[in-house]
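To start, the structure under review is shown below, and the notes come after it.
In what follows, chains carry the letters A, B, and so on, assigned in the order in which the sequence lines appear, proteins first and then strands, with residues in each chain numbered from 1. Just the heavy atoms: all of them, side chains too, but no hydrogens, waters or symmetry mates, feed the values below. Remember, it's a predicted structure, so these values are computed and weren't measured experimentally.
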Amino acid sequence: MTALAGGIPRMMRPTHHQNYPRGGYSLEVSTPLGQGRVNQLGGVFINGRPLPNHIRHKIVEMAHHGIRPCVISRQLRVSHGCVSKILCRYQETGSIRPGAIGGSKPKQTSTPDVDKKIEEYRRDNPGMFSWEIRDTLLKDGICDRNNVPSVSSISRTMRCKFGGGAGEDEEDDDEIEKRELEENERRAKHSIDGILGDRCK
DNA sequence: ATCGTGACGGTTGAA
DNA sequence: CGTTCAACCGTCACG
């Protein structure tokens, strides 16, 4: 641990390390949704998970009323770093929702160019099969035999871009939010049901 | 006193 | 099915 005599690169924090005296400082509380913890301000949070929606909402609402971030932080018991982040994001994107967690990068098996071409073929001829697209890619000289994507790769690409063919409908934040709230409630209820009378299977 | 920032330990979910 | 791994999370502490 002492290994970096050579000048700590201005941004390393050898001393911090989230070193709590082991055994617990960060109180643990149980919530319907998992292991909750308590931050320095006394607020409850779940490590690794986004803040609940109503808190996020409250943060932007208070900010909207001209309340300073530091006050919001103390009042809602959310770290100022988090308040700052949520507010920043809200200003940038207009959304209070957290970013998409998890999943793999849409794997770029082909170049963007090829991807574009696939989209184009598909748009011009929606009934086209993946193997036909593959053939066309070769015929048009977009790819050669060495770098042409596999048929399954092409169908994956199309699944991603076209979502299975159905038109994508954009829901506005409110709608998503509402649905999320319901889902949360349902989930919470579920786990309570599970505790009260475990009968599923 | 505030607030931007990045390390950290954590969870998630498509591939 | 289980595993991988890069995305995001909020907290903490520094500056």
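The side chain of A/Q40 contributes no N or O atom lying less than 4.0 Å from OP1 or OP2 of C/dG10. Here A/S104 does not reach the OP1 or OP2 of B/dA15: none of its side-chain N or O atoms lies under 4.0 Å away. A/R74 has no side-chain polar atom (N or O) that falls below the 4.0 Å cut-off from OP1 or OP2 of B/dC3. Listed pair A/R97 / C/dC9 fails the phosphate criterion, with no side-chain N or O lying under 4.0 Å from OP1 or OP2.
Residue A/R49 places its side chain closer to B/dT11 than to any other of B/dG10, B/dT11, C/dG10. Taking every side-chain heavy atom of A/S84 into account, B/dG4 is the closest of B/dG4, B/dT2, C/dG10.
Atom CD of A/Q75 and atom C1' of B/dT2 are 17 Å apart (whole Å). Protein atom CZ of A/R89 is 15 Å distant from nucleotide atom C1' of B/dT5, rounded to whole Å. A straight line from CD of A/E28 to P of C/dG10 spans 19 Å, rounded to a whole angstrom. Rounded to whole Å, atom P of B/dC8 lies 16 Å from atom CZ of A/R37. If you take CG of A/L41 and P of C/dA13, they are 11 Å apart, rounded to a whole angstrom. Distance, A/I86 CD1 to B/dG4 P: 13 Å, rounded to whole Å. Rounded to an integer number of Å, the gap from A/N39 CG to C/dC9 P is 17 Å. Computed from coordinates, the A/I101 CD1 to C/dC8 C1' distance equals 5 Å when rounded to whole Å.
A/V83 comes within contact range of no nucleotide atom at all, as no heavy-atom separation falls under 4.0 Å. Residue-level contact check: A/C70 touches the backbone only, with heavy atoms under 4.0 Å from sugar-phosphate atoms and none from bases. If you check every strand for non-hydrogen atoms under 4.0 Å, A/G99 touches sugar and phosphate atoms only.
Within the 3.5 Å criterion, the main-chain N or O of A/R89 finds a donor-acceptor partner in the side chain of A/T93. With hydrogens and angles disregarded, a donor-acceptor distance shorter than 3.5 Å links the side chain of A/R56 to the backbone of A/I96. With hydrogens and angles ignored, the 3.5 Å screen pairs no side-chain donor or acceptor of A/S84 with any backbone N or O of A/H80. The closest donor-acceptor contact from the side chain of A/N39 to the backbone of A/V44 lies at 3.5 Å or more, if one exists at all. No donor-acceptor pair closer than 3.5 Å links the side chain of A/Q75 to the backbone N or O of A/I72.
Each of A/G48 and A/G81 was assigned the nucleotide of DNA chain B with the nearest heavy atom; the assignment lying further toward the 5' end belongs to A/G81. Ranked by how close their nearest DNA chain B nucleotide is to the 5' end, A/C82 and A/G103 are led by A/C82.
Look at A/R123 and A/E120 and you find no salt bridge, because none of the NZ, NE, NH1 or NH2 atoms lies under 4.0 Å from a carboxylate O.
Interface remark: the A/N47 side chain does form a donor-acceptor pair with the B/dG9 base, using a distance-only criterion of under 3.5 Å.
Taking the 5.5 Å centre cut-off and the 30° plane limit, the aromatic side chain of A/H80 is not classed as stacked on B/dT2.
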